Amino acid sequence: MTQKARKILVTSALPYANGPIHIGHMVEYIQTDIWVRFQKMRGHQCLYVCADDAHGTPIMLRARKEGIEPEALIARVAEEHKADFADFNVGFDNYHSTHSDENRHYASLIYQRNKDQGNISNRTITQAYDPVEEMFLPDRFIKGECPKCGAQDQYGDNCEVCGASYSPNELKNPVSAVSGATPVDRDSEHYFFKLGNFETMLKEWTRGGHLQHEVANKLGEWFEAGLHEWDISRDAPYFGFEIPDHPGKFFYVWLDAPIGYMASFKNLCDKTPGLAFDDFWGKDASTELYHFIGKDIIYFHALFWPAMLHGADFRTPTAVFSHGFLTVDGQKMSKSRGTFIKARTYLDTLNPEYLRYYFAAKLGSGIEDIDLNLEDFLARVNSDLVGKVVNIASRCSGFIKKRFDGKLADQLDNQPLFDNFVSAGQQIAACYENREFSKAVREIMALADKANQYIDEKKPWVIAKEEGRAQELHAVCTMGLNLFRLLIGFLRPILPATAEKSEAFLQIQPLAWNDLQKPLLNHEIAAFKPLMTRIENSQIEAIVAASKEDLEKQEAISAKSQGALASDPISDIIEYPDFAKVDLRIVKIIKAQHVEGAEKLLQLTLDLDGETRNVFAGIKSAYTPEELEGKLTVMVANLAPRKMRFGVSEGMVLAAGPGGKELFILTPDSGAAPGMRVK
RNA sequence: GGCUAGGUAGCUCAGUUGGUUAGAGCGACGGACUCAUAACCCGUAGGUCGGCGGUUCAAUUCCGCCUCUAGCCA
């Protein structure tokens with residue numbers, strides 16, 4: 001097991017400083033932290049740095065809305081972020097900010113060196129400009145009608161209803177999301193990073209074992225399309241760093257964000273004697289550098305970032321590890337369902353170790369999304385951690401305490417079983433190293449089952465009642481506690497706080513991986529106190545309820561300024577005869593099916609009690625045919641039939657909502673029957 | 001729309017370089033035990049491996065199409 005100590009620098013993506021950390025963020029920090037703790041346990045020098053990503057238009061606007069300076073906003077958010085991470089036992093060696101002197105230095109340096117190498121160009125571009133706010137508008141701050149499907153209130157780059165992507169100038173009736181003014185075109189000089197200069201280098205790098213294979217596959221697409229120049233400047237007003245020698249021009253937030261990794265590390269170097277920046281970032285550094293990121297920001301980290309570093313004579317990363325997203329109960333986190341759970345909301349009720357364990361049990365080395373199934377979460381944590389692992393200590397310690405003065409025997413009852421656990425540790429270590437945490441957890445839990453089976457076979461509670469078998473009892477319980485110690489050692493990267501408590505119980509030093517080969521014998525242990533308690537269903541319910549309350553508070557705040565009516569005001573007054581012309585009827589959906597070739601439509605067969613109608617409804621994004629069949633709803637029965645590509649639609653069903661998943665058909669109260677008129 | 005992933009028991013996931021009865025944990029059901037945080041141990045039931053078509057002696061595994069989910073499109 002002896003190997004040379006490695007020097008490793010690890011980062012997680014920098015959280016954006018305009019809002020709180022939620023449990024989706026935590027997947028990444030927990031994944032990284034487990035890996036880092038594992039490396040440290042193996043005796044390597046492993047440093048984990050991170051920072052707040054503090055620049056950009058959203059932060060500038062958020063601060064303006066709150067009536068404070070951006071600096072005040074990011075300082076406050078940084079404290080919240082740090083507290084959340086600390087309470088989740090994420091052990092950063094340093095946490096810094098992109099709005100720092102170090103970052104300004106390295107951003108300018110990297111820009112300057114690339115400029116000297118001929119990797120920066122400039123030209124004038126035309127961009128949407130808000131004449132009221134006097135600022136250029138990023139795509140996401142322009143709203144309008146989708147040019148493809150006409151959906152209202154869509155963002156400047158893609159439509160959430162039909163999924164089309166387009167450029168903001170294609171949007172119909174565009175308005176600034178900041179002021180509501182109609183944007184105008186305005187010219188401005190921008191600076192560009194000539195990514196194309198790095199094509200050869202990047203092709204080699206992306207296929208050089210630095211990325212997961214599926215990520216490398218994905219990047220093939222970018223090479224095929226050709227590498228474009230990357231716009232790295234933004235105009236004032238902008239919260240960020242001014243570009244040297246170009247007053248009024250600022251570095252785009254995504255330029256200086258990854259440089260924040262360097263800045264945070266530099267900040268750590270300055271307070272750590274003997275830690276040299278160049279050892280980890282110099283062109284010929286022999287140390288290892290890893291970035292853990294979400295799959296959504298792959299191209300920044302796998303294309304721009306290595307190219308920028310290479311162009312500025314710094315080393316490139318050893319590897320970039322991407323992970324998937326978190327869903328809750330199989331769906332995207334949702335504020336209205338109460339599954340948009342903030343880190344703090346979780347921490348107010350539950351032990352962070354539970355979530356660390358659950359995520360570990362789900363995480364592999366790939367980029368698949370992982371699901372937090374709340375029912376499964378409760379069952380699994382209770383069963384695995386409390387029922388299996390902690391239980392081993394709980395069921396053995398009583399005998400040791402009562403019968404042997406709290407002292408372990410001087411030999412094990414079953415050395416081969418102990419050796420079997422130790423050798424399984426090699427496989428477990430390999431899983432950790434390869435970020436196959438779910439495999440590691442499966443192995444460890446199989447061992448925990450073995451340990452419980454062993455105790456069950458030996459039946460110490462039977463031995464305890466028999467005369468002259470004290471030594472045997474002593475050996476069996478010592479064996480059980482030694483198996484427990486190994487399990488805790490194996491789980492230590494995942495459960496640092498539980499490991500610490502266990503170490504206090506066993507009265508031992510923090511476990512290192514190499515300590516695990518030798519059993520703990522002839523050693524006094526402390527009285528056993530519960531190391532972990534079970535999750536109650538009510539706690540999960542409390543978290544979901546608290547998350548919903550958060551939403552209600554937010555809605556109450558925003559309702560004043562922008563209720564649903566603000567963007568979609570009530571139409572002109574009509575007289576009753578106008579309304580009476582519309583013949584609304586209750587119908588039963590007797591059949592619903594997909595329409596071949598149609599992206600948005602479902603074909604519905606509607607029963608009007610005496611007549612059936614064929615209707616095409618644009619609700620495919622929100623409903624499956626199965627969930628519609630048998631339902632009652634309301635239709636406009638006297639709408640002129642309309643010929644569509646797929647057939648004739650004989651009416652329309654009524655639904656509300658902005659579109660996409662958020663579409664809700666009307667349903668009558670019980671008692672209504674097909675054919676009834678709605679009036 | 002294009003691309004990259006994913007769709008396997010009620011739930012969460014393994015797995016199959018194509019080959020006899022597709023696995024685990026949890027849950028359900030039955031039994032045993034009482035040391036242990038109603039924990040643990042033994043056993044039983046559960047799956048047209050997203051759908052359709054193709055290649056093959058043989059497909060859950062390979063190919064094509066479709067569908068659903070997620071992400072990205074500078």
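Predicted model, so just to flag it, every value in this text is computed and none were measured.
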Under 4.0 Å, heavy atoms only, any strand: does Gly387(A) hit a base, just the sugar-phosphate, or nothing?
sugar-phosphate
Of the options G25(B), G2(B), C11(B), whose atoms approach the side-chain atoms of Asp449(A) most closely?
G25(B)
Just checking, Arg123(A) and Phe192(A): is the charged tip under 6.0 Å from the six-membered ring centre and within 45° of the axis?
yes
Please measure how far the P atom in U48(B) lies from the corresponding atom in U60(B), and state the result in whole Å.
12 Å
Side chain of Lys332(A) (C-beta onward), nearest among U12(B), G2(B), A70(B):
A70(B)
When we call it a touch if two heavy atoms are under 4.0 Å apart, what does Trp222(A) touch: a base, just sugar-phosphate, or nothing?
base
Does the side chain of Lys362(A) pick up a donor-acceptor pair with the side chain of Tyr358(A) at under 3.5 Å?
yes
Give me the distance, rounded to whole Å, that separates G47(B) from U8(B) when you measure between the P atoms they each carry.
15 Å
Between P on A74(B) and CZ on Phe198(A), what's the gap in Å once rounded to a whole number?
21 Å
Say whether, by atom type as modelled, one donor and one acceptor occur between the side chain of Tyr432(A) and the main chain of Ile34(A) under 3.5 angstrom.
no
Name the nucleic acid region contacted by Glu375(A), choosing base, sugar-phosphate or nothing; use a 4.0 angstrom heavy-atom cut-off, strictly under.
nothing
To the side chain of Lys465(A), which of U12(B), C72(B), C35(B) is closest?
C35(B)
Do side-chain atoms of Tyr238(A) reach the backbone of Val253(A) as a donor and acceptor pair under 3.5 angstrom?
yes
Determine the interatomic distance between C1' on A14(B) and the same-named atom on G31(B); round to the nearest Å.
29 Å
Nucleotide of C26(B), C41(B), G71(B) approaching Lys388(A) most closely (side-chain heavy atoms):
C26(B)
Expressed in whole Å, how much space separates the C1' atoms belonging to A5(B) and A22(B)?
24 Å
Base of G10(B) relative to its sugar, syn (within 90° of 0) or anti?
anti
Here's a test for you: under ring pair (Phe, Tyr, Trp, His ring centres under 6.0 Å), which of Phe300(A), Phe304(A), Tyr299(A), Trp230(A) qualifies with Trp222(A)?
Tyr299(A)
Take atom C1' in U21(B) and the same atom in U34(B), then report the distance between them in whole Å.
37 Å
Quickly work out the Tyr623(A) OH to U69(B) C1' distance and round it to whole Å.
19 Å
Contact list for residues 426-445 of chain A, test salt bridge (charged side-chain N to carboxylate O under 4.0 Å, His left out), sequence neighbours left out
Arg6(A)-Glu433(A)
Let me know the distance between CD of Glu457(A) and C1' of C33(B), rounded to the nearest Å.
14 Å
Euclidean distance for P, G27(B) against C66(B) (whole angstrom)
42 Å
Let me know the distance between CH2 of Trp461(A) and P of A39(B), rounded to the nearest Å.
16 Å
With respect to the phosphate group of A70(B), does any side-chain polar atom (N or O) of Gln331(A) fall under 4.0 Å of OP1 or OP2?
no
Could you state the CZ-P distance from Arg234(A) to A74(B), rounded to the nearest angstrom?
12 Å
Residues at least two apart in sequence or cross-chain that pass side-chain hydrogen bond (donor to acceptor under 3.5 Å, both in side chains) with Ser383(A), listed by chain then number, are none
Quickly work out the Phe359(A) CZ to U12(B) P distance and round it to whole Å.
15 Å
What distance, rounded to whole Å, do you find between the two P atoms, one in U12(B) and one in G7(B)?
13 Å
Heteroatom pairs (N/O) under 3.5 angstrom, protein to nucleotides 5-10 of chain B:
{"residue": "A5(B)", "atom": "OP1", "partner": "Asn217(A)", "partner atom": "ND2", "Å": "2.4"}

Classify the ring geometry between Phe198(A) and Phe193(A) as parallel (under 30°), tilted (30 to 60°) or perpendicular (over 60°).
parallel
Return the polar atom pairs (N/O with N/O) between nucleotides 36-38 of chain B and the protein under 3.5 Å, or none.
{"residue": "A36(B)", "atom": "O3'", "partner": "Ser394(A)", "partner atom": "OG", "Å": "3.0"}
{"residue": "A36(B)", "atom": "O2'", "partner": "Asn391(A)", "partner atom": "OD1", "Å": "2.8"}
{"residue": "A36(B)", "atom": "O2'", "partner": "Ser394(A)", "partner atom": "OG", "Å": "2.9"}
{"residue": "U37(B)", "atom": "N3", "partner": "Met532(A)", "partner atom": "O", "Å": "2.5"}
{"residue": "U37(B)", "atom": "O4", "partner": "Leu531(A)", "partner atom": "N", "Å": "3.1"}
{"residue": "U37(B)", "atom": "O4", "partner": "Met532(A)", "partner atom": "N", "Å": "3.4"}
{"residue": "U37(B)", "atom": "O4", "partner": "Met532(A)", "partner atom": "O", "Å": "2.9"}

What is the nucleic acid contact for Gly196(A), judged by heavy atoms within less than 4.0 Å: base, sugar-phosphate only, or nothing?
nothing
Gap between atoms CD1 and P, on Ile298(A) and G71(B) respectively (whole Å)
13 Å
Proximal nucleotide (of A74(B), G25(B), C41(B)) relative to the Ala225(A) side chain
A74(B)
Could you tell me the separation between the CE atom of Met308(A) and the OG1 atom of Thr316(A), rounded to the nearest 0.5 Å?
13.0 Å
May I have the step-by-step check of side-chain contact (heavy atoms from CB on, under 4.5 Å) for Ser365(A) and Gln212(A), ending in yes or no?
CA-CA 8 Å; Ser365(A) 61; Gln212(A) 291 128 299; 5.5 Å; no
Just by distance, do the side chain of Tyr16(A) and the backbone of His55(A) share a donor-acceptor pair under 3.5 Å?
yes
Would you measure the distance from the P atom in A70(B) across to the matching atom in G25(B) and give it in whole Å?
32 Å
Note, RNA chain B 5' to 3' with Watson-Crick or G-U pairs under 3.5 Å encoded as ( ), [ ], | and . gives (((((((..((((.....[...)))).((((.........)))).....(((((..]....)))))))))))).
Contact class for Lys459(A) vs. all strands (heavy atom < 4.0 Å): base, sugar-phosphate, or nothing?
nothing
What is the distance from atom OH of Tyr346(A) to atom CG of Asn351(A), rounded to the nearest 0.5 Å?
6.5 Å
Within the structure shown, what part of the strands sits under 4.0 Å from Asn382(A) by heavy-atom distance: base, sugar-phosphate, or nothing?
nothing
Among the nucleotides C26(B), C73(B), U12(B), which one has an atom lying closest to any side-chain atom of Tyr299(A)?
C73(B)
Residue pair Asn373(A) / Arg380(A), side-chain donor-acceptor N/O under 3.5 Å:
no
Could you state the NZ-P distance from Lys458(A) to U34(B), rounded to the nearest angstrom?
18 Å
With rounding to the nearest 0.5 angstrom, report the CG to CG distance, Asn537(A) to Leu374(A).
9.5 Å
List in numerical order all residues of residues 435-445 of chain A for which some heavy atom is under 4.0 Å away from an atom belonging to RNA chain B.
Arg442(A)
Can you see whether Asn414(A) engages Tyr454(A) through a side-chain donor-acceptor pair at a distance of less than 3.5 angstrom?
no
Validation row, ring centre Phe292(A) to ring centre His323(A) under 6.0 Å
no
